Novice: 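Here's a structure for you.
The shown structure was predicted, so the numbers you read here are calculated from the model rather than taken from an experiment.
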Amino acid sequence: MVDDTDLDAASECALANMARVRPVLDKIADKWTILILTVLCPRPARFNVIKRRLDGITHKALADALKRLERNGLVTRTVLPTAPIGVEYAITPLGHSLRQPFEALCSWALDNGAAIEAANYEHDSIKPKQ
């Protein structure tokens, strides 16, 4: 665990660089980016394979997210010479550099999901009804 001075320094650094940090976080911290990159990390995949792996994503949401990820340099799109023509998406080295932080975030989510649910339940049960 880091001490408070390390946290203070990190907080000051983040605040001082917020104009540069926020646009980057906006590009990688949306609803689907982490999950899409997690699917693509082990191996390239076609659109429908990604869609099947991501329960609940719509065709449009996936198409838009993949276009955004390609624009941001996190995935590549390759047209395959098949009949019918297929498209395969792969993670780039830049996208792959997010693997460790995303794995840590997913691990944290698994470790702390129940605690968050318990906090939600406790908060909602003591909140006065209007």
Novice: Quick one: pull up CG in Leu62 and NZ in Lys60 and give me the separation to the nearest 0.5 Å.
Specialist: 11.5 Å
Novice: With side chains defined as the heavy atoms from C-beta onward, is the minimum distance between Leu66 and Arg77 less than 4.5 Å?
Specialist: no
Novice: Can you tell me how far NE2 of His123 sits from CG of Asn120, rounded to the nearest 0.5 angstrom?
Specialist: 8.5 Å
Novice: Look at the side-chain heavy atoms of Ile, Leu, Val, Met, Phe, Trp and Tyr, link any pair under 4.5 Å apart, and say whether Leu25 and Val75 land in one connected group.
Specialist: yes
Novice: Could you report the tightest heavy-atom contact between Gly86 and Arg46, atom names first, then the distance?
Specialist: CA-NH1, 4.0 Å
Novice: For the atom pair NE2 (His59) and CG (Asn48), what is the distance rounded to the nearest 0.5 Å?
Specialist: 7.5 Å
Novice: Nearest 0.5 Å, please: how far is CG in Leu74 from NZ in Lys27?
Specialist: 10.0 Å
Novice: Counting C-beta onward and ignoring hydrogens, is there a side-chain heavy-atom pair between Leu35 and Trp32 closer than 4.5 Å?
Specialist: yes
Novice: How far does CG of Leu37 sit from NE2 of His96, to the nearest 0.5 angstrom?
Specialist: 10.5 Å
Novice: Can you check whether Ile36 reaches Arg68 side chain to side chain, under 4.5 Å on heavy atoms?
Specialist: no
Novice: Dump the intermediate steps for side chain to side chain contact (heavy atoms under 4.5 Å, CB included) on Phe102 and Ile34, then the final yes or no.
Specialist: CA-CA 7 Å; Phe102 282 178; Ile34 294 172; 3.5 Å; yes
Novice: Test side chain to side chain contact (heavy atoms under 4.5 Å, CB included) on Leu69 and Ile91 and set out the steps.
Specialist: CA-CA 9 Å; Leu69 291 171; Ile91 196 165; over 6 Å; no
Novice: Between atom CD of Glu88 and atom CZ of Arg43, what is the distance when rounded to the nearest 0.5 Å?
Specialist: 11.0 Å
Novice: Crowded around Asp111 CG? As in, over 12 foreign heavy atoms under 6.0 Å?
Specialist: yes
Novice: Is there a path from Val49 to Leu40 through hydrophobic residues (I, L, V, M, F, W, Y) whose side chains come within less than 4.5 Å of each other?
Specialist: no
Novice: Is a side-chain donor or acceptor of Asn112 paired with a backbone partner of Ala115 at a separation under 3.5 angstrom?
Specialist: no
Novice: Please answer: with hydrophobic residues joined when any side-chain heavy atoms are less than 4.5 Å apart, are Leu105 and Val39 in the same cluster?
Specialist: yes
